[in-house]
Amino acid sequence: MIKKADNIFATPLEQMVDFRFDERVVDVFPDMIQRSVPGYGTLISNIGILAARYAQAGSNCYDLGCSLGAVTLSMRQRIKVENCQIIAVDNSAAMIERAQKIIAADNNRVPVSLCCEDINQFSVENASVVVMNFTLQFIAPMLRDALIQHIYQGMKPGGVLILSEKLAFESVEQQAFFTEAHHDFKRANGYSDLEISQKRSALENVLIPETLAVHQQRLANAGFSSSECWFQCFNFASIIAFK
């Protein structure tokens with residue numbers, strides 16, 4: 001499959017609308033995510049390694065907010081335990097439709113179920129591994145505590161939640177440093193200042209980041225025994241939480 005270049009925000013927009021995971025975004029998503037999220041490829045491959053370590057025989061592994069299934073494929077290629085299935089969920093029909101084609105072209109043996117549903121309404125059960133890769137940041141803040149609590153309740157003892165997020169920072173200086181570093185990363189990957197500015201405006205009311213401390217406190221409140229930040233590149237990080 002040929003990777004199309006992301007030029008959605010390359011020309012001035014007459015009216016700014018909130019960012020949506022629609023067909024336009026699906027068409028360019030692989031290019032968009034690689035050029036926008038520092039360390040994305042390394043993060044995806046290592047999620048597969050972690051999933052293989054903690055996946056339990058006879059359990060479910062979830063990719064919540066799966067988009068085109070990059071995490072699903074990474075887990076599928078690594079998990080070796082018996083009678084384990086991957087359940088991938090996204091509320092974008094366009095994403096799920098494209099993900100089905102990508103998963104169908106992969107010949108690994110772990111069964112995969114793709115579901116077009118709202119993860120706030122989706123039942124997590126018998127889970128040994130749950131991954132939310134840059135997903136929680138798109139959930140309304142008032143719903144995040146309940147979602148993490150629901151996930152915890154659906155997990156098996158010894159299970160893990162892998163939570164990747166764009167971070168906010170407590171001090172003005174920290175926030176400025178990481179924001180500018182991220183913008184420099186995007187410029188280095190060919191995005192113009194116009195593209196950076198317009199996409200930032202489109203995401204302003206949609207992607208709401210929180211601090212690492214807030215995430216870890218929420219995980220502790222839900223019942224997770226501990227959590228560790230195992231990956232960070234600029235203002236993008238991933239936490240693993242243990243049940």
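Residue numbers run from 1 in the order of the sequence given. Because the structure is a prediction, the values reported are computed rather than measured.
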Step by step, would you call Met155 with Ser128 a side chain to side chain contact (heavy atoms under 4.5 Å, CB included)?
CA-CA 6 Å; Met155 290 177 61; Ser128 60; over 6 Å; no

Going through the distances and angles, do Cys229 and Leu212 end up as a side chain to side chain contact (heavy atoms under 4.5 Å, CB included)?
CA-CA 8 Å; Cys229 181; Leu212 179 61; 4.2 Å; yes

Verdict with reasoning, Cys61 to Cys84, per side chain to side chain contact (heavy atoms under 4.5 Å, CB included):
CA-CA 7 Å; Cys61 295; Cys84 185; 3.6 Å; yes

Take Tyr152 and Phe224 through the ring pair (Phe, Tyr, Trp, His ring centres under 6.0 Å) test and state the conclusion after the steps.
CA-CA 7 Å; Tyr152 176 83; Phe224 288 95; 4.9 Å; yes

Glu180 and Phe234: side chain to side chain contact (heavy atoms under 4.5 Å, CB included), yes or no, with the steps?
CA-CA 10 Å; Glu180 285 309 310; Phe234 296 145; over 6 Å; no

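Annotation for Gln153: atom CD counts as buried by contact number, over 12 foreign heavy atoms lying within 6.0 Å. Under a cut-off of 6.0 angstrom, the local environment of CD in Glu170 is sparse, with at most 12 non-hydrogen atoms contributed by other residues, nucleotides or ligands. Annotation: Arg218, atom CZ; neighbour count of heavy atoms from other residues, nucleotides and ligands within 6.0 Å is above 12.
Closest heavy-atom contact between Tyr54 and Gly158: CD2-O, 4.1 Å. For the residue pair Ser67 and Ala99, the shortest heavy atom distance occurs at O-CB, 3.7 Å. Nearest heavy-atom pair, Arg78 versus Ala52, reported as atom, atom and distance to 0.1 Å: O-CB, 3.5 Å. Taking all atoms of both residues into account, the shortest heavy-atom contact from Ile148 to Ala222 is CG2-CB, 3.8 Å. Taking all atoms of both residues into account, the shortest heavy-atom contact from Lys80 to Gln77 is NZ-O, 3.7 Å. Shown here for Arg35 and Asn189, the closest heavy-atom pair between the two residues is NE-O, 2.9 Å.
Exactly one residue among Phe134, Phe231, Tyr40 makes a ring pair (Phe, Tyr, Trp, His ring centres under 6.0 Å) with Phe236. That residue is Phe134. For the pairing with Arg76, the side-chain hydrogen bond (donor to acceptor under 3.5 Å, both in side chains) check across Asp106, Asn108, Asp63 returns one residue only, Asp106.
Remark: Lys166 NZ to Phe178 CZ distance equals 12.5 Å, nearest 0.5 Å. Note that CG of Asp90 and CD of Glu97 are 13.0 Å apart. Values are rounded to the nearest 0.5 Å. Put simply, OG on Ser164 and CG on Leu43 are 4.5 Å apart, with the number rounded to the nearest 0.5 Å. If you take CD on Glu228 and CG on Leu219, they are separated by 11.5 Å, rounding to the nearest 0.5 Å. We find the NE2-CD distance between His215 and Gln137 to be 7.5 Å, quoted to the nearest 0.5 Å. To the nearest 0.5 angstrom, Met75 atom CE is 11.0 Å from Leu50 atom CG.
The shortest distance between side-chain heavy atoms of His150 and Val124 falls below 4.5 Å. Looking at heavy atoms from C-beta onward, Leu68 lies in side-chain contact with Met95 at the 4.5 angstrom threshold. Residues Phe169 and Phe177 are not in side-chain contact: their nearest non-hydrogen atoms beyond the backbone lie 4.5 Å or more apart. Counting heavy atoms from C-beta on, the side chains of Leu64 and Val130 come closer than 4.5 Å. Looking only at side-chain heavy atoms (C-beta outward), Asn126 and Lys156 come within less than 4.5 Å of each other. Looking only at side-chain heavy atoms (C-beta outward), Ile47 and Asn133 come within less than 4.5 Å of each other. The closest side-chain heavy-atom distance from Val160 to Lys243 is not below 4.5 Å. Residues Met32 and Tyr191 meet the side-chain proximity criterion, which asks for heavy atoms closer than 4.5 Å.
In this structure, Val81 is a member of the same hydrophobic cluster as Ile86, with clusters built from ILVMFWY side-chain heavy atoms closer than 4.5 Å. One hydrophobic cluster, built from ILVMFWY side chains closer than 4.5 Å, holds both Ile162 and Ile44. A continuous path of ILVMFWY side-chain contacts below 4.5 Å connects Met142 to Ile119, so both sit in one hydrophobic cluster. Both Val89 and Leu136 belong to a common hydrophobic cluster when Ile, Leu, Val, Met, Phe, Trp and Tyr are linked at side-chain heavy-atom distances under 4.5 angstrom. Under the 4.5 Å side-chain heavy-atom criterion for Ile, Leu, Val, Met, Phe, Trp and Tyr, Leu161 and Ile240 are members of distinct hydrophobic clusters.
Not a single donor-acceptor pair under 3.5 Å links the side chain of Thr72 to the backbone N or O of Ala88. Listed for the Thr179 side chain is no donor-acceptor partner under 3.5 Å among the backbone atoms of Ala176. No side-chain donor-acceptor contact under 3.5 Å links Asn60 to the backbone of Ile87. At least one donor-acceptor pair closer than 3.5 Å links the side chain of Ser45 to the backbone N or O of Thr42. Remark: the backbone N or O of Gln56 is not paired with any side-chain donor or acceptor of Glu82 at under 3.5 angstrom. Here the side chain of Ser74 pairs a donor or acceptor atom with the backbone of Gly48 at under 3.5 angstrom.
A side-chain donor-acceptor contact under 3.5 Å links Asn221 and Gln217.
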